[in-house]
Structure formats: C-alpha cells, structure tokens
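Here the structure is laid out as structure tokens; the discussion comes afterwards.
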Amino acid sequence: MSSPSHNRAASSKQTALRRQQQVLDHLQGQKQQTTELDPKSTIRHIAVYGAGIMGGGIAQVAAQAGYNVTLWDMKQADIERGLILVKKSLERTAKKLQKGSEWVDQTIRRISTTTDQLQACSGADLVIEAIVENLEIKQKLFGSLDAVAKPDCIFATNTSSLLVRDVMASVSSSRRQKSVALHFFNPVAMMKLVEIAYTDDTYVGLLELLKAWVYDIGKTPVLCRDTPGFIVNRLLVPYNSEARMLVERGDATIEDVDTAMKLGAGYPMGPFELMDMAGLDIGYHIMKGWYESAPGLKGDVRFKPTAQMEQMIRDGHLGRKTGQGYYKYK
C-alpha cells in the first residue's frame, strides 16, 4: 500500500508533467507567431538591477536594440564603473558593425541610471535582476519591487543556479504569473544564448512575448522548466567537475584534458580554460549550493567542491579576472 507522502510526490510529478505538456502544446501552436510579435508594443522600458559585468551587458544589448533602460546599483561609483565597461564594449561592437561614434553615443543615451531602488522600476515593463547570487538578497529585492512596480510589469532573474520559484517567493501570486528567469551568458554582448526558465505559475502566453523580445535584442532563446542550472549549467557543471576529478586523481594533466576536449570533441576551449574564463568562484558557489540544498542534487558527490578547489578560492585564484586560476595570465 502506497504511503500518503509517496502519493503526494506522484501527484506533484504528474501535475508538473501536465504543465510541461501544456507549455509545449501552446508553443507548438504559436510557433509561427513568435517572429511576427512586436515586443516593443508591450515592452518599452526596462529596469536592470546590478551594474556589474552581467547587468551592464544586459543594459547594453537592450539599449542597442532601441529599448530605454534604467540601470540601478547601490553606489554611484559602481554605476560609473559599469558605464565605462558598457561604453568600451559598445565601441568594440561599433567597429564590428562599422558604426560611428554617434551610434555609440545614441545607445548610451538610452541608458539612464539611479541609486534609488524603487524609482528604478517606476514605469518599467520588464525588470531584470543581475545582482549577487544570494537567495535572501534577491528575495528581498523582488519583494520590495513587487509593491511599487506596475501590475503588468514582468519580473526576471538572471540567476545561474537558483530556482525561479525560490527567488520569487516574496512576490504576490499575480506577479508570479509574470515571473521567469532570463539567463544571459558572459560576455553578454558576444554570447547569443538566453535561457528562459518558467515555473508552474508562469503565464504560458508570456513565454512567446519573451522569446520575441530575446530575438529582438539579437539573441536566441531556449525554454526550460524551473530546474537547478536550467540547461547549460546542469550539463556544464558536472562536465567541469569530472574534469577536475580526473586531474586531481592524477589520471591526466590540465593541459592534456583541455587539448583532448578541443581536438577530440570539437569544443572551442577545454574545461579548465572555460572555468578560468567564467571565474572559479561562480562555479564554486553553484556547486556548493547544489550539493547543500538543490532538489534532486543535494548530497551528490559530483557537486561537492574538492579540497583543491576550496584552496584556490581561499587563495583568490579565480581565473582570468584575478590573473591566475588553473593557468597563469599576464
């Protein structure tokens, strides 16, 4: 005889599967419409929270596509640093697109800034959060914004490891219907992918609008249910973990693993080169979070940070951004 807890789990799984099929059926029926949708008729003003590498990059690509953006951060100095990076990135993009300095200036003018957290989302049709990867801080931010944002404003998190439903736990039930993850990749200006992760609460029709918006800013969207790591990190983190363990057991060298994956699997860079580029601290926090608490992944030894990784984090050897990771950089 089945236990009540077993029956509840089975029922929950069936509900999730029905929801997934519902989304797939809807999108199949709307496939032709995505390219015909004009996202600018619904999304005109975007608020981006976090002026760091990710937030600044998101603000840049949105402004490039003609959207007005408000960029928020806690300190004016952080905003100014972020805008310097945005301008440098725009200048590189301008050279590739054979655009002049006026194009760069016009794009920058579409980005306004503020340190006023609540004012930033005033009038926004879409809020994208790209702040520190800390669940409590994200929940507090969205809880505050939910009280002042327009009722039809869409909430999106750029989380790379947390569940959307957890990040949005402090918002109203009506807002959860308009909540997703929009997961961009670094560097935002160059990377073409955006993962759109939806929950059981997300309004299905919203996904078509967001797909059209992602195409409009020059990216390619993929859809995924709200699951740890979405698609890319769910596959990439175990791959990187296996590479680390292979080297730490003494089975191969870092250089040979990278060479093998580039020449044998056709990857543009090896796992250690990739970890250095992304930042070891990013991967570390994802793994640690999954190992300690992620549904279905908690206690999985593949995600337990190794002693060597812990030491590299303590030593500040985080990859390219610090001048040393698995490789040394000048």
Side-chain angles (χ1 to χ4, degrees), residues 52-58 60-61 64 85-86 88-98 130 133 158-161 181-197 211 214-215 217-224 227-249 251-287 290 302-303 305-306 308-309 312-313 317-330:
I53 292 173
M54 294 304 297
I58 294 167
Q60 174 190 333
V61 296
Q64 276 179 220
L85 293 176
V86 168
K88 286 180 179 178
S89 178
L90 278 170
E91 288 168 346
R92 289 192 296 269
T93 303
K95 284 184 180 179
K96 292 177 185 175
L97 299 177
Q98 297 184 324
E133 194 75 343
N158 184 56
T159 184
S160 58
S161 62
L182 287 173
H183 181 216
F184 289 77
F185 292 81
N186 186 34
V188 177
M190 293 175 58
M191 301 295 279
K192 293 297 184 183
L193 185 68
V194 177
E195 292 177 315
I196 304 175
K211 282 176 66 180
V214 170
Y215 280 124
I217 63 170
K219 307 297 182 187
T220 299
V222 292
L223 292 175
C224 181
T227 188
F230 310 140
I231 299 172
V232 173
N233 279 336
R234 187 62 172 266
L235 298 175
L236 186 61
V237 172
Y239 162 71
N240 288 342
S241 180
E242 288 291 345
R244 271 192 303 271
M245 290 190 287
L246 193 70
V247 168
E248 290 188 28
R249 287 195 304 265
D251 296 333
T253 65
I254 288 171
E255 293 79 5
D256 282 352
V257 170
D258 279 348
T259 299
M261 295 312 295
K262 286 186 288 187
L263 302 184
Y267 290 5
M269 62 177 68
F272 293 98
E273 292 170 321
L274 182 59
M275 285 185 275
D276 273 1
M277 186 184 79
L280 269 68
D281 53 326
I282 303 298
Y284 170 78
H285 289 299
I286 291 174
M287 288 178 64
W290 288 2
R302 293 176 301 164
F303 305 119
T306 64
Q308 185 191 63
M309 189 180 191
M312 291 177 74
I313 297 296
H317 298 162
L318 308 181
R320 285 182 176 272
K321 61 186 175 184
T322 60
Q324 183 173 343
Y326 288 105
Y327 295 95
K328 289 185 178 180
Y329 303 91
K330 292 182 180 180

Nearest heavy-atom neighbours spanning [X] and [Y]:
{"X": "Met54", "Y": "Phe184", "value": "CE-O, 3.5 Å"}
{"X": "Glu195", "Y": "Ile231", "value": "OE2-N, 3.0 Å"}
{"X": "Gly56", "Y": "Val86", "value": "O-CG2, 3.4 Å"}
{"X": "Ala197", "Y": "Phe230", "value": "CB-CE2, 3.4 Å"}
{"X": "Gly283", "Y": "Met309", "value": "C-CE, 4.0 Å"}
{"X": "Val257", "Y": "Pro271", "value": "CG1-CG, 3.7 Å"}

Any side-chain to backbone donor/acceptor pair from [X] onto [Y]? Under 3.5 Å, distance only.
{"X": "Asp276", "Y": "Tyr327", "answer": "yes"}
{"X": "Glu133", "Y": "Ser160", "answer": "yes"}
{"X": "Asn233", "Y": "Ser161", "answer": "no"}
{"X": "Gln308", "Y": "Glu248", "answer": "no"}
{"X": "Ser89", "Y": "Leu85", "answer": "no"}
{"X": "Lys219", "Y": "Val188", "answer": "yes"}

Hey, does [Y] have a side-chain heavy atom less than 4.5 Å from the side chain of [X]?
{"X": "Val237", "Y": "Arg302", "result": "no"}
{"X": "Ile196", "Y": "Leu182", "result": "yes"}
{"X": "Pro221", "Y": "Tyr215", "result": "yes"}

Rounded to the nearest 0.5 Å, what separates atom [atom1] in [X] from atom [atom2] in [Y]?
{"X": "Leu235", "Y": "Asn240", "atom1": "CG", "atom2": "CG", "answer": "11.0 Å"}
{"X": "Leu236", "Y": "Leu274", "atom1": "CG", "atom2": "CG", "answer": "5.5 Å"}
{"X": "Phe272", "Y": "Asp256", "atom1": "CZ", "atom2": "CG", "answer": "11.0 Å"}
{"X": "Glu273", "Y": "Met277", "atom1": "CD", "atom2": "CE", "answer": "10.0 Å"}
{"X": "Met245", "Y": "Glu242", "atom1": "CE", "atom2": "CD", "answer": "4.0 Å"}
{"X": "Met275", "Y": "Tyr284", "atom1": "CE", "atom2": "OH", "answer": "15.5 Å"}

Next item on the list: Compute whether any side-chain donor of one residue and acceptor of the other, for Thr227 and Arg234, lie under 3.5 angstrom apart.
Entry: yes
Margin query: Heavy-atom count check: over 12 atoms from other residues, nucleotides or ligands less than 6.0 Å from Ile313 CD1?
Written below: yes
Item checked: Atom NZ of Lys262 with >12 non-hydrogen neighbours under 6.0 angstrom -> yes
Next item on the list: Decide side chain to side chain donor-acceptor pair (under 3.5 Å) for Asp258 and Tyr326; before the verdict, give the C-alpha distance in whole Å, the side-chain angles of both, and the deciding distance to 0.1 Å.
Entry: CA-CA 11 Å; Asp258 279 348; Tyr326 288 105; over 6 Å; no
Notebook entry, point to check: Going by the angle between their ring planes, with limits at 30° and 60°, are Phe185 and His183 parallel, tilted or perpendicular?
Noted result: tilted
